[in-house]
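Note sheet for the following structure.
Just so you know, ligand 1 is whichever comes first in the structure, and atom 1 is the first atom listed for that ligand. All residue numbers in this chain count up from 1 along the given sequence.
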Amino acid sequence: ADPNNGTVPTPLTNYLDTQYFGEISIGSPAQMFNVVFDTGSANLWVPSQSCSPFSTACFTHNRYDSSQSHTHVENGTGFSINYASGTIRGFLSEDVVVVGGLPVVQVFAEATSLSAMPFIFAKFDGVLGMGYPNVAIDGITPVFDQIMSQHILKEEVFSIYYSRDPKHSPGGELLLGGTDPNYYTGNFNYLETREMGKWEVTMKGVAVGVEMMFCAEGCTAVIDTGSSYITGPASSVSMLMKTIGAQLDETGYKVNCETVKMLPSVTFHLGGQDYCLTHEDYIIWQSQFEGDVCIVTFRGLDVPPPTGPIWILGANFIARYYTEFDRRNNRIGFAAAV
Ligand SMILES: CCN(C(=O)c1cnc(C)nc1NCc1ccco1)[C@H]1CCCNC1
């Protein structure tokens, strides 16, 4: 009998409330990698043993060595992926990937070049895309689809818990096949995904305090477990930051820590429910030797049409609202995280 009754947990590490990742293995014998489980993309990539010596980001991370794996299957097709934040280039390989103890034969990319920004700051080695197959580059069947086709999951869903302080253990949990009552309270509210094949929903407004300030006529919200922050159109976010008295510097928006307690809540109106973030949820308070620094976890990001303009709800939103991604019913469920 299956001890987890058709569900498969993977504990996640929380790095400074901004990066959450879990361990997978690739190859036989197992080569271990830390990966972000990312609903904002649909491919698996890890750094390659054959990455160029000039790629610093590659050299500071675990690298897959196909010559050491007897289950490796050659492929060689070119691969490149562009995130707003960086570029990955490499080639495809096939091997046994183990997620939460589940083995799947998976086509993935060996990254031979990783842009230094942002990947030199990554505590993870690679990215395991949890998006839909139709956004997968090179038409590769994503890991979760390979797992669904094994018909061992109780439900064709996966859920994500992100803890809200790095000292908490575990830092988070990916649960394949269901939801974990240890990490949420109350009921789920569900929203249909907007367009087949993307983890995005229609948002009906963004309020600051009690005042509806943005997206009053409706807009798109992407639920991205692989993004640290909440991003919105740069003009909207800069107005929002002005409202809360935040200053933009080279690393992002900051507020004077004395003002944090008085900051207004920011509320996202999704599917007939209001999802409120208080300063506790959107400020990262870092005590540094030269004094405390209060980082605002919002960023301006202009995504060009037809995809944009969009808001991206990332880790700081998910840490407050436990999220279920339902592939069976093409819907996303939110419940209050514990
Ligand atoms: C993984 C690439 N991403 C990042 O935003 C990103 C970049 N660079 C670093 C250093 N970290 C990132 N995310 C950390 C994280 C982990 C979990 C929550 O946020 C995005 C790119 C767009 C698709 N979605 C994912």
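Those atoms of ligand 1 with a heavy atom of Val127 less than 4.0 angstrom away are 1 (C). Near Val36, with a cut-off below 4.0 Å to any heavy atom, the atoms of ligand 1 are 16 (C), 17 (C). Every atom of ligand 1 is numbered from 1 in the order shown, and the set under 4.0 Å from a heavy atom of Asp38 is 23 (C), 24 (N), 25 (C).
At least one heavy atom of Phe124 sits under 4.0 Å from some atom of ligand 1. Judged by the shortest distance from any of its heavy atoms, Thr225 lies inside the 4.0 Å radius around the atoms of ligand 1. The shortest separation from a heavy atom of Thr18 to ligand 1 is under 4.0 Å, placing the residue in contact.
Summarising the geometry, atom CD1 belonging to Ile244 is positioned 11.5 Å from atom OG belonging to Ser265; distances are rounded to the nearest 0.5 Å.
The nearest protein atom to atom 22 (C) of ligand 1, hydrogens excluded, is given as Tyr83 CD2, 3.6 Å; this is a heavy-atom distance. Of all protein heavy atoms, the one closest to atom 8 (N) of ligand 1 is Pro118 CG, 3.1 Å. Of all protein heavy atoms, the one lying nearest to atom 20 (C) of ligand 1 is Gly226 O, 3.5 Å. The protein heavy-atom contact nearest to atom 16 (C) of ligand 1 is Tyr20 N, 3.4 Å.
Between the side chains of Asn43 and Ser41, not a single donor N or O lies within less than 3.5 Å of an accepting N or O. Of the N and O atoms on the side chains of Thr87 and Asn82, at least one donor lies less than 3.5 Å from an acceptor on the other residue.
Cation-pi check for Arg63 over Phe59 is met; the charged atom lies under 6.0 angstrom from the ring centroid and within 45 degrees of its normal. Cation-pi geometry between Arg320 and Tyr275 is not met at under 6.0 angstrom from the ring centre and within 45 degrees of the axis. Judged by a 6.0 Å distance limit and a 45° cone about the ring axis, Arg299 is not positioned over the six-membered ring of Tyr229.
By the criterion of a heavy-atom distance under 4.0 Å, the side chain of Ser85, and not its backbone, is placed next to ligand 1.
Judged purely by atom type and a 3.5 angstrom limit, Thr39 uses its side chain to pair as donor or acceptor with the backbone of Thr225. The backbone N or O of Tyr321 lies less than 3.5 Å from a partner atom in the side chain of Thr323, making a donor-acceptor pair.
Annotation: Asp224 places an N or O atom under 3.5 Å from an N or O atom of ligand 1; distance criterion only. Some N or O of Ser228 is nearer than 3.5 Å to an N or O of ligand 1, by distance alone.
In plain terms, the two heavy atoms of Ser115 and Ala57 that are nearest each other are O-CB, 4.2 Å.
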